[in-house]
Amino acid sequence: MSTTMQPIQTNLFAQHTVNGNYPSMYAIVDCNNFYCSCERLFKPHLDNKPVVVLSNNDGCIISRSDESKLLGVDMAGPYFLAKPLIKKHDVAVFSSNYNLYGDLSMRVMDTLRAIIGEQHVEVYSVDEAFVDLSMFPIEELDRIARDMKATVEQWTGIKVSIGVAPTKVLSKLANRLSKKNKEKSGGVIVLDTMEKIKKALAITPVGDIWGVGGQYAKKLKEQWFIDDALQLSKMSEEFGRLHLGGVVGVRLIRELNGIASKDMQDELLNKKMIATTRMFGSPVGDINDIKEAVATYTSRAAEKLRRQHSAANIISIFVVSKEENHNATFNRGITHSRYTTLPTATSFTNELIKPAVAMVDGLFKEGTLYKKAGVMLSGLVPDASIQGNLFIPETKNNGRLLMDMIDNINFSQRDDVLKFAASGTTRDWKMRQELRSPRYTTRWEELYEVR
DNA sequence: TCTGGGGTCCTAGGACCC
DNA sequence: TCTGGGGTCCTAGGACCC
């Protein structure tokens, strides 16, 4: 081997830089402990106090403030296991309040769009957005990122961390490091030289790379002794193809080497699948309760469907039974599912509820307890009944008007004021949400009072 | 007693068609 | 005596994400 041989990423960077600059630079803007921050925004007395937010049904912990993390409260751990610790340290606990989080998320994203321009912002999740900064000179990026952070925090009250790098995977890596050492980074890390990138890769465990989950991390360590991101970055693209999910793995290796392989995506306006699934508040053994739940989830899914002006060709439902011979560590239950291909694509709640409820009969077993059910709509196509279509009988168009009316009323109330009879009215199966905070920003009667 | 919900992308393999 | 090959669609399942 000749001594002039360079590590592979050196060569790749050399090929893909222009005048020493990188052709692309992405920022990931990530809200810190988002759900906890939202809860705190209206309860200033919780600043610097430990806070956690629970999943639906108060099952798992899905957001922790820094103080809770320090106390050792596990992420995604079951609430009941953490309860002693939470009690002992007087941690503030909230059921999730998605109306509130959705509204604050929108404000954060609108702020980013206002600063950088709509076309350069890609909303990635409720608390994260990629921002394309390729058009700015590289030496300006640190200042721009810090300005962005300060503005978002000032306008919305939500604290954010920012990572900037030539690819999305590297920007996520930078973002993670900025959070690990907030004092030093000030919540912003810019990886704008190869030296910085290498250093960052070397101190990132392979399982903390965006796109490497538990399965891959285990495999990489056990079979190839790959522990950190720098080691993985030196593997060939073919290695990625063979062992990390085909083209997904190839892209991952390239991104680690500074070659942007995940483009900015247009806002995903139309989903390809729509699901509404829930755990029950307590196990359910009555077929009529299951039918009510399925009908309700179908209504909700159909609303989502109409909101994106789609119609579904396929509806499937599933139920999860409580496992009888369960052991303590693995009690996930068994999933039973059915699907129906509809005669024509539809977005009408009543046309979807009928087959959905009918499928329950095929799945339900007397004497079994169920803990979860769900409805999925797929085979989505544009909704032909949206504009009055001459070739569709008039009754069909009336159906569309009825759906619009129901959606408008329900949307304005943000609740199920109008629903179909099949959804029932008792709802024994409803999820628990004992600890929900008021929906300050979306319900008039729950508005935050300033004194 | 008790462990969320809603998505994405990709691949393999079978069915079917010409 | 002897039975192709390529394309496309669909479904199941595995991985990942927040």
Side-chain angles (χ1 to χ4, degrees), chain A residues 28 30-35 52-64 74-84 86 95-98 101-102 105 123-130 168-169 172 175-176 207-220 240-252 261-263 265 268-283 297 300-301 304-305 308 313-314 316 318 320 322-323 326-333 335 337-339 341 369 371-380 431-434:
Chain A
I28 179 82
D30 188 320
C31 301
N32 299 343
N33 313 326
F34 183 54
Y35 294 172
V52 299
V53 174
L54 306 179
S55 65
N56 268 329
N57 222 23
D58 296 344
C60 299
I61 293 164
I62 53 173
S63 180
R64 303 165 300 160
D74 282 340
M75 182 60 171
Y79 174 43
F80 76 93
L81 277 182
K83 236 175 186 167
I86 284 172
S95 300
S96 36
N97 183 345
Y98 294 108
Y101 311 150
S105 170
V123 175
Y124 175 68
S125 74
V126 69
D127 65 339
E128 281 173 81
F130 287 104
K168 287 182 171 181
V169 168
K172 292 277 281 190
N175 180 253
R176 177 181 162 277
D208 286 335
I209 301 169
W210 186 46
V212 178
Q215 303 295 315
Y216 287 161
K218 189 159 172 264
K219 204 162 90 170
L220 289 169
R241 184 188 311 282
L242 284 174
H243 304 297
L244 299 173
V247 301
V248 180
V250 174
R251 279 186 213 134
L252 178 64
S261 306
K262 292 165 175 278
D263 294 333
Q265 307 237 320
L268 211 49
L269 292 175
N270 287 336
K271 291 176 178 148
K272 299 172 177 175
M273 183 203 84
I274 286 171
T276 301
T277 71
R278 295 278 184 285
M279 299 277 298
F280 300 133
S282 53
Y297 302 164
R300 183 65 32 81
K304 295 182 197 168
L305 190 64
Q308 68 167 48
N313 275 299
I314 296 164
S316 44
F318 70 87
V320 179
K322 212 170 123 83
E323 225 173 321
H326 69 271
N327 61 53
T329 53
F330 194 74
N331 180 20
R332 296 233 161 236
T335 304
S337 66
R338 286 271 193 292
Y339 71 91
T341 304
L369 284 178
K371 45 192 255 182
K372 183 178 186 176
V375 173
M376 281 185 263
L377 303 174
S378 52
L380 305 191
M431 64 188 181
R432 294 187 298 255
Q433 254 196 353
E434 294 151 4

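Below, read A as the first sequence line, B as the second, and so on, with proteins coming before strands; counting in each chain starts at 1.
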Proximal nucleotide (of B:dT3, C:dC17, C:dA15) relative to the A:Trp210 side chain
C:dC17
Just checking, A:Lys372 and A:Phe280: is the charged tip under 6.0 Å from the six-membered ring centre and within 45° of the axis?
no
Touch check for A:Lys304, heavy atoms < 4.0 angstrom, all strands: base, sugar-phosphate only, or nothing?
sugar-phosphate
Per atom distances to the A:Pro78 side chain, the nearest of C:dT11, B:dT3, B:dG7 is B:dT3
For a quick check of understanding: with a heavy-atom distance under 4.0 Å over all strands, which category does A:Leu81 fall into, base, sugar-phosphate or nothing?
nothing
Whole-Å distance separating the CE atom of A:Met273 from the C1' atom of C:dC17:
13 Å
Among B:dG5, B:dC10, C:dC16, the one nearest any side-chain atom of A:Val248 is B:dC10
Between A:Gly245 and A:Thr276, which residue's closest nucleotide on DNA chain B lies nearer the 5′ terminus?
A:Thr276
Under-4.0 Å side-chain N/O to phosphate OP1/OP2 contact, A:Lys172 with C:dC17:
no
To the side chain of A:Phe80, which of B:dC2, B:dC10, B:dG7 is closest?
B:dC2
Toward the 5' end of DNA chain B, which comes first, A:Arg251 or A:Thr277, by nearest nucleotide?
A:Thr277
Can you measure A:Arg300 atom CZ to B:dG5 atom P for me and round it to whole angstrom units?
13 Å
Between B:dC16 and C:dG4, how many Å separate the two C1' atoms, rounded to a whole number?
15 Å
Which nucleotide wins on minimum distance to the side chain of A:Asp127, given the candidates C:dT11, B:dT11, C:dC18?
C:dC18
Round to a whole Å and report the spacing from CG of A:Leu369 to P of B:dT1.
16 Å
Which nucleotide in the set B:dG6, B:dG4, C:dT11 lies at the smallest distance from any side-chain heavy atom of A:Ala275?
B:dG6
Contact class for A:Gly374 (heavy atom, under 4.0 Å): base, sugar-phosphate, or nothing?
nothing
A:Leu380 versus A:Gln308: any side-chain heavy-atom pair under 4.5 Å?
yes
Taking any heavy-atom pair under 4.0 Å as a contact, classify A:Val126: base, sugar-phosphate, or nothing.
nothing
What is the nucleic acid contact for A:Ile61, judged by heavy atoms within less than 4.0 Å: base, sugar-phosphate only, or nothing?
nothing
Write down the partner of C:dT11 under the Watson-Crick or G-U wobble criteria, each distance required to be under 3.5 Å.
B:dA12
Rounded to the nearest Å, what distance is computed from the CE atom of residue A:Met376 to the P atom of nucleotide B:dG5?
13 Å
Atom-pair distance (OH on A:Tyr124; P on C:dC17), nearest Å:
8 Å
Test of ring centre spacing under 6.0 Å for A:Tyr216 and A:Trp210
no
Counting distance only, does the side-chain N/O of A:Ser105 pair as donor-acceptor with the main-chain N or O of A:Val126 below 3.5 Å?
yes
Supply the atom-to-atom distance A:Leu377 CG to A:Ile314 CD1, rounded to the nearest 0.5 angstrom.
10.0 Å
Say whether, by atom type as modelled, one donor and one acceptor occur between the side chain of A:Lys304 and the main chain of A:Lys271 under 3.5 angstrom.
no
May I have the distance from A:Lys272 (atom NZ) to C:dC17 (atom P), rounded to whole angstrom?
19 Å
What's A:Lys372 touching, base or sugar-phosphate or nothing? Going by heavy atoms closer than 4.0 Å.
sugar-phosphate
If we ignore hydrogens and angles and just use 3.5 Å, is the side chain of A:Lys219 paired with the main-chain N or O of A:His243 as donor and acceptor?
yes
Looking at the side chain of A:Ile62, which of C:dC18, C:dC16, B:dG4 is the nearest nucleotide?
B:dG4
Closest to the A:Lys271 side chain, choosing from C:dC18, B:dG5, B:dT8
B:dT8
Distance check needed: C:dG14 P versus A:Leu242 CG, whole Å only.
20 Å
Is the distance from OP1 or OP2 of B:dC2 to the nearest side-chain N or O of A:Lys371 less than 4.0 Å?
no
Starting from P on B:dC10, measure out to CD on A:Gln215 and report it in whole angstrom.
20 Å
